[in-house]
Amino acid sequence: MSADGRRVQPREEVERPVSTSVLKTKRPRPGASRTVGLTLALLACLWIAWCTGLGPIYRLQGSLTQIGLAQMLIMLGTLAVCTALVLACRRILLGGAPLRMPQRLTALAQRPRMRAYAAFINRQTSGWRSIMRLLLLGWAWAFLTLLAAYGADLYAQAQECANFLAQLQGDQPPYGGNAFTQMDVYPIGHYLWPGHPAFLTDQHNIVLTLAYGMTIMASNHLTGSYDAGIVLLAGLQVVFAAFCCAVTADRFLRGRGTEQVGALARTLVMLFFLLCPFVVFSTFSLTKSPLFAFAFIWWFGIWHQLEAENRNSPPSASQATRLRPALALSTLIMLISAKYALYIVLAQLVLALIIHRRQWVTILSGLLLPLVLFTGATGALTATGTVIQGDPVESRSIQLQQIARVAQLNPHGIPAQARADLEPIMDLDNAAIQYTPWEADRVKSSGNQPKLIVYRWRTVTPEQMSRLNRAWLRVGLHNPVIYLDAFMAESYGYFDPGDPAYVAMSYYLNNGYVQNSGSWLAAWCHDWRNGVTGFVRAWADTPLLGLVARANFWVVAALLLIVARLAAGHWRGALCWFPLLLIMGVMITAPANNFERHMLPVDMAVPFLILDMVRQSRRARTGDMMDRLT
């Protein structure tokens, strides 16, 4: 009893213990992190609005100097829509606006047939094996009727291996001098060629070139054509794609208590992977980017699991040990498939050691070890002259485009010293003729003969190449608007949902390499290929409904979801979403505008970003409820 006569409850009845996990799910207090996040979100919305507003101008090969009222209205409207979406997602993440099904849908879900369907889809997505089986069945129509999709790169890799095998057998292919070889198609500067004949290059990553090229050569030896080997490679990639998507979907669909994912969400995730054309066609497209994309999705899911297990407490030794081989293997496949994976893995390594330094064994074995092994092996091959390294000019697409645009529109605006520095590197007159706003291959002199030489790969020297940056800067100081135009014309489409793909994944279904080459593959469902391609392109061109068939729509969605997290102060999941931002940066510097295969990893992550947003919302609401109770 208290002094005033009132009964006092025992202390343990008043102060109920709250678990550590509950305390960690409380909404973060407003602070600098949210302010920075909101600023970044606004900048992202401005960037999307800028790209969307300029789209109509650049599609007509115009300039930003032509911006008028129409473009301003498009920008303002896009900015308003993007900002509203970010704020709505931010509110959801903070637990202020729970995602609820409309009352009619709720009533519909209670019907016996719908309840039976819910039980069915829950059962079919209850583990990675069942999800993988569902994906393989859903993709079977495409693989069995289309078999494979590819372009010029696959034939280039096969040609490298053919020349290499011919050399081993004593039949020396042409090398150096005026002979036109595969290395001149890319092209690779002759100053990079070793003195002794070498025909394998690191242009498309040497490991992938050997895997693809040698399989095709074996097929040619055993069957008399490339076709069986190509179909085998495509089939193996379908299985790998199903595995990567399945294990990642399983990680995101798994949950306990309030984190359980319902039948509707499971259905939408599966529909995305089964119906999105760029996903379906990527499963059997041998163009290196899809392989990277599926390996990245596997990698992305592993980071999500590590983050989830670290949310409440560090994962046990057994859990960490179980994830190390998967992390290392997915990292290695990413490095094998795309050169820019090196920079993504390196940045992730640094970030992971900062955020989760207590898990340094997992991080070093899963990231650093494959990185060292891969770079060490490829570095040794190029250092000994066994393999010709790729030409660094491949990473200078934007620079070459900017110089070429100036050469076309304002040739007198190139300073004399800059012209003197550039002449040994590129033919400025031909650059003016070959400049194409949405593609840099022509100014890189890529392709077979006959072609106008812009990049002087036969005669340029390392000393001359070292002057490129200085000359590029001098030209830019005299032509800033033209430089900005060249940059935007080759990158805006990745963030403008209204821009049709320059090269869609459907291109690889029925191009000349697939339809007119080989012995029997070209005749397999020949007209069906054209029909499928035509249907998908018509779908993508349909107003509004066609947006979901465009890869850049999902890139914009991913960017908005990421910055909404930052605006809500949710910075802890950086190991999941930070690599997506890096890939967006790679897209911007790619040699072509709105190239769908460069966007695949970002697009495939969107369903999982949405699922994670829903989970964050539920945790935030749980934290608010516990705040009120305590």
Side-chain angles (χ1 to χ4, degrees), residues 175-177 181 183-196 198 201-206 339-340 342-343 346-347 375 378-408 410-432 434-435 439-447 451-480 482-484 486-487 490-491 585-586 588-591:
Y175 186 83
T181 69
M183 294 82 77
D184 293 307
V185 175
Y186 296 135
I188 297 176
H190 283 204
Y191 72 90
L192 295 167
W193 296 18
H196 60 274
T201 79
D202 197 35
Q203 184 76 9
H204 298 111
N205 266 341
I206 180 58
K339 287 188 175 181
Y340 58 80
L342 173 68
Y343 307 105
L346 190 59
T375 55
T378 55
L381 289 172
T382 55
T384 58
T386 307
V387 173
I388 304 173
Q389 73 177 76
D391 198 313
V393 80
E394 288 291 328
S395 63
R396 297 176 177 271
S397 296
I398 295 295
Q399 289 180 298
L400 295 182
Q401 286 287 85
Q402 290 172 327
I403 294 170
R405 190 175 180 109
V406 173
Q408 184 184 80
N410 186 27
H412 299 295
I414 301 177
Q417 183 58 54
R419 183 178 290 275
D421 288 339
L422 288 172
E423 279 296 343
I425 302 171
M426 57 192 298
D427 186 319
L428 294 175
D429 293 331
N430 283 348
Q434 291 289 85
Y435 172 70
E439 180 190 7
D441 278 353
R442 297 185 186 183
V443 295
K444 289 189 299 183
S445 300
S446 297
K451 58 182 176 182
L452 283 177
I453 304 302
V454 177
Y455 168 50
R456 302 182 191 272
W457 80 94
R458 290 185 184 274
T459 57
V460 69
T461 66
E463 194 273 333
Q464 290 166 345
M465 284 296 296
S466 67
R467 302 172 192 162
L468 177 59
N469 286 336
R470 181 180 66 184
W472 167 77
L473 182 60
R474 282 176 173 166
V475 177
L477 291 174
H478 287 78
N479 302 274
I482 295 178
Y483 263 34
L484 183 56
F487 171 75
E490 203 183 36
S491 59
V586 171
I588 290 174
T589 59

Any donor-acceptor N/O pair, [X] side chain to [Y] backbone, under 3.5 Å:
{"X": "K451", "Y": "S445", "result": "yes"}
{"X": "N410", "Y": "V406", "result": "no"}
{"X": "S446", "Y": "R442", "result": "no"}
{"X": "W472", "Y": "R467", "result": "no"}
{"X": "T386", "Y": "T382", "result": "no"}

Quiz item: Going by distance alone, is a donor N or O of one side chain under 3.5 Å from an acceptor N or O of the other, for Q203 and E394?
Solution: yes
Distance in Å, [X] [atom1] paired with [Y] [atom2], rounded so as to fall on 0.5 Å steps:
{"X": "R474", "Y": "N469", "atom1": "CZ", "atom2": "CG", "answer": "12.0 Å"}
{"X": "H412", "Y": "H478", "atom1": "NE2", "atom2": "NE2", "answer": "14.5 Å"}
{"X": "T181", "Y": "D184", "atom1": "OG1", "atom2": "CG", "answer": "4.0 Å"}
{"X": "I588", "Y": "I398", "atom1": "CD1", "atom2": "CD1", "answer": "9.0 Å"}
{"X": "L484", "Y": "N479", "atom1": "CG", "atom2": "CG", "answer": "12.5 Å"}
{"X": "Q401", "Y": "R396", "atom1": "CD", "atom2": "CZ", "answer": "14.5 Å"}

Least distance between heavy atoms, [X] atom then [Y] atom:
{"X": "P411", "Y": "R419", "result": "O-NH2, 2.9 Å"}
{"X": "V443", "Y": "V454", "result": "O-CG1, 3.4 Å"}
{"X": "S397", "Y": "A440", "result": "CB-CB, 3.8 Å"}
{"X": "A432", "Y": "A407", "result": "CB-O, 3.5 Å"}

When you compare the side chain of [Y] with that of [X], does any pair of heavy atoms fall below 4.5 Å?
{"X": "L400", "Y": "V393", "answer": "yes"}
{"X": "L428", "Y": "I403", "answer": "yes"}
{"X": "D421", "Y": "Q464", "answer": "no"}
{"X": "D441", "Y": "P591", "answer": "yes"}
{"X": "V460", "Y": "Y455", "answer": "yes"}
{"X": "I188", "Y": "W193", "answer": "yes"}
{"X": "D427", "Y": "I453", "answer": "no"}
{"X": "P194", "Y": "I388", "answer": "yes"}

Exercise. Go through the steps to decide whether Y340 and V586 satisfy the test side-chain contact (heavy atoms from CB on, under 4.5 Å), and finish with yes or no.
Key: CA-CA 8 Å; Y340 58 80; V586 171; 3.6 Å; yes
Quiz prompt | Ring-ring centroid check Y175 H190, cutoff 6.0 Å | solution = no
Quiz item: Going through the checks in order, is the side-chain contact (heavy atoms from CB on, under 4.5 Å) test met by I482 and Q402?
Solution: CA-CA 7 Å; I482 295 178; Q402 290 172 327; over 6 Å; no
Quiz item: Charged N to carboxylate O below 4.0 Å: is that the case for K444 and D391?
Solution: no
Quiz item: Taking it one step at a time, do Q399 and Y483 satisfy side-chain contact (heavy atoms from CB on, under 4.5 Å)?
Solution: CA-CA 9 Å; Q399 289 180 298; Y483 263 34; over 6 Å; no
Exercise. Assess whether atom CZ of R456 is packed by more than 12 heavy atoms of other residues, nucleotides or ligands within 6.0 Å.
Key: yes
Practice problem: Would you sort out whether T375 and L342 count as a side-chain contact (heavy atoms from CB on, under 4.5 Å), showing the intermediate values? | Solution: CA-CA 9 Å; T375 55; L342 173 68; 3.6 Å; yes
